[in-house]
There are 2 protein chains.
Amino acid sequence: MARVIAEREDVIPMLAEIFRAYGFEGASLARISEGTKLGKGSIYHFFPGGKEEMAQAVLEQVDQWFKQHVFDALLERADAMEGIKAMFDDVSRYFLSGRRVCLVGVFALGNERDRFANRVRDYFAAWIDALAAALVRTGRTPQEASALAKEVVGGIQGALVLSRALDQTDVFTDILHTLQARLLTS
Amino acid sequence: MARVIAEREDVIPMLAEIFRAYGFEGASLARISEGTKLGKGSIYHFFPGGKEEMAQAVLEQVDQWFKQHVFDALLERADAMEGIKAMFDDVSRYFLSGRRVCLVGVFALGNERDRFANRVRDYFAAWIDALAAALVRTGRTPQEASALAKEVVGGIQGALVLSRALDQTDVFTDILHTLQARLLTS
DNA sequence: GTCTATAGAGTGATAGAC
DNA sequence: GTCTATCACTCTATAGAC
């Protein structure tokens with residue numbers, strides 16, 4: 001038995017979905033073992049630090065995904081408006097039009113926040129900074145840009161809460177369209 | 001020995017803070033016992049249905065608070081604008097300027113949502129409907145009013161996520177001011 | 001033999017229910 | 001307080017690639 005069936009990298013997305021669904025405390029090793037189809041031995045082989053290390057790895061991967069797909073487009077695209085449009089497209093796809101929640105948002109609301117405070121803060125700070133920088137390039141003042149960026153990033157998190165609460169994905173897409181329209185006009 | 005130290009009604013607000021802080025699964029009986037200064041026996045005397053009944057009682061009380069303070073002001077004040085202003089004041093006070101999270105929002109994001117789906121849905125639906133009705137009375141079309149109400153209620157939830165993530169209460173109050181300004185002008 | 005990925009019995013602690 | 005189930009985690013034992 002036992003040759004390479006999975007690698008650490010392959011396990012992280014599965015862990016992400018489990019932490020998303022159950023939070024940090026609710027993600028029991030039984031659920032993780034079931035969700036990854038891995039025995040405890042394999043799990044602790046990949047993550048000797050236990051659940052803490054698993055969550056760190058997941059947050060790290062979320063960070064990297066947003067950095068590559070969202071933040072870099074906002075910061076580096078020659079046309080800032082195009083970068084902002086790309087952000088909304090990527091975010092809508094990433095959150096499956098509201099059916100998937102934001103792991104960092106879930107952690108921010110729970111007592112997990114204290115344990116992962118730096119990562120949670122940095123994730124949102126990086127997003128707000130990147131969006132604000134793009135908005136400055138569209139002609140906003142830094143003050144306007146910062147306030148708008150916070151409103152939009154917060155609005156996206158709220159849209160996730162609301163669409164899940166009402167169980168209507170169109171609430172998520174409607175709010176995202178409204179937010180996008182506010183950034184691209186005036 | 002054993003005289004009435006607490007009543008069921010007195011326990012509910014304490015339970016609310018525990019569920020807020022730890023979520024449904026994270027609110028262990030040990031934490032509940034410690035937070036309420038009640039033995040397990042007393043807890044099960046008040047809530048024979050266990051944690052499920054405790055959470056239902058808490059959600060019920062949250063519903064009633066919002067109905068009395070927020071929804072009724074929105075629906076019944078002669079001056080709809082005044083009702084909207086009162087909503088923002090009450091909400092800002094209720095959430096302690098962002099330091100306290102929304103219990104229903106926390107439940108909406110977690111797998112608790114399925115267990116309490118009706119209550120979670122009804123809470124947000126009632127809020128959105130009451131705000132939209134007030135906005136119609138300020139001269140908006142029903143379509144505008146509904147979209148704006150969803151954006152604002154979602155925006156408040158997002159402001160809670162963001163202010164906790166960044167650990168800055170002024171993010172919450174800033175976003176609420178922006179949302180309020182959007183409703184009271186144009 | 002060594003190394004890595006696997007499975008899972010077994011640990012004490014703690015869970016919720018009563 | 002007592003119950004059983006489950007918790008996170010440890011440890012031993014395996015199989016196959018070098």
Side-chain donor/acceptor pairs under 3.5 Å, residues 72-80 of chain B, sequence neighbours excluded:
residue, atom, partner, partner atom, Å
B:D72, OD1, B:K67, NZ, 3.3
B:D79, OD1, B:M81, N, 3.0
B:D79, OD1, B:E82, N, 3.4

For residues 116-129 of chain A, tabulate all N or O donor-acceptor pairs below 3.5 Å that involve a side-chain atom, not counting sequence neighbours.
residue, atom, partner, partner atom, Å
A:N118, OD1, A:R121, NH2, 3.1
A:R119, NE, A:Q56, OE1, 2.9
A:R119, NH1, A:D63, OD2, 3.3
A:R119, NH2, A:E60, OE1, 2.8

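Counting to the nearest Å, the P atom of D:dC9 and the CD atom of A:E53 are 11 Å from each other. One interatomic measurement links the two molecules: NZ of A:K37 to P of C:dG8, which rounds to 13 Å at whole-angstrom precision. Look at CD1 on B:I43: it is 14 Å from P on C:dC18, rounded to the nearest Å. One interatomic measurement links the two molecules: CD1 of B:I32 to P of C:dG16, which rounds to 7 Å at whole-angstrom precision. Across the protein-nucleic acid pair, B:L15 atom CG and C:dG16 atom P stand 13 Å apart, rounded to whole Å. When the C1' atom of D:dG16 is taken as reference, atom NE2 of A:H45 falls 14 Å away, rounded to whole Å. Remark: P of C:dG16 and CZ of B:R115 are 11 Å apart, rounded to the nearest angstrom.
The residue A:G50 sits close only to the backbone: its heavy atoms come under 4.0 Å of sugar-phosphate atoms, none of a base.
For residues 157-176 of chain B, every residue pair satisfying the salt bridge (charged side-chain N to carboxylate O under 4.0 Å, His left out) rule, not counting sequence neighbours, is listed here: A:R113-B:D167. Listed by first and then second residue, the side chain to side chain donor-acceptor pair (under 3.5 Å) pairs involving residues 29-39 of chain A are A:R31-B:E25 (not counting sequence neighbours).
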Show me the protein contacts with nucleotides 6-8 of chain D, counting only N or O atoms at under 3.5 Å.
residue, atom, partner, partner atom, Å
D:dC7, OP1, A:S28, OG, 3.2
D:dA8, OP1, A:A27, O, 3.4
D:dA8, OP1, A:K51, NZ, 3.0
D:dA8, OP2, A:L29, N, 2.6

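Ring planes of B:F107 and B:F19: perpendicular class, angle over 60° (limits at 30 and 60°).
Residues passing the side chain to side chain contact (heavy atoms under 4.5 Å, CB included) test with A:R100 are A:E17, A:R20, A:Y94, A:L96, sequence neighbours excluded.
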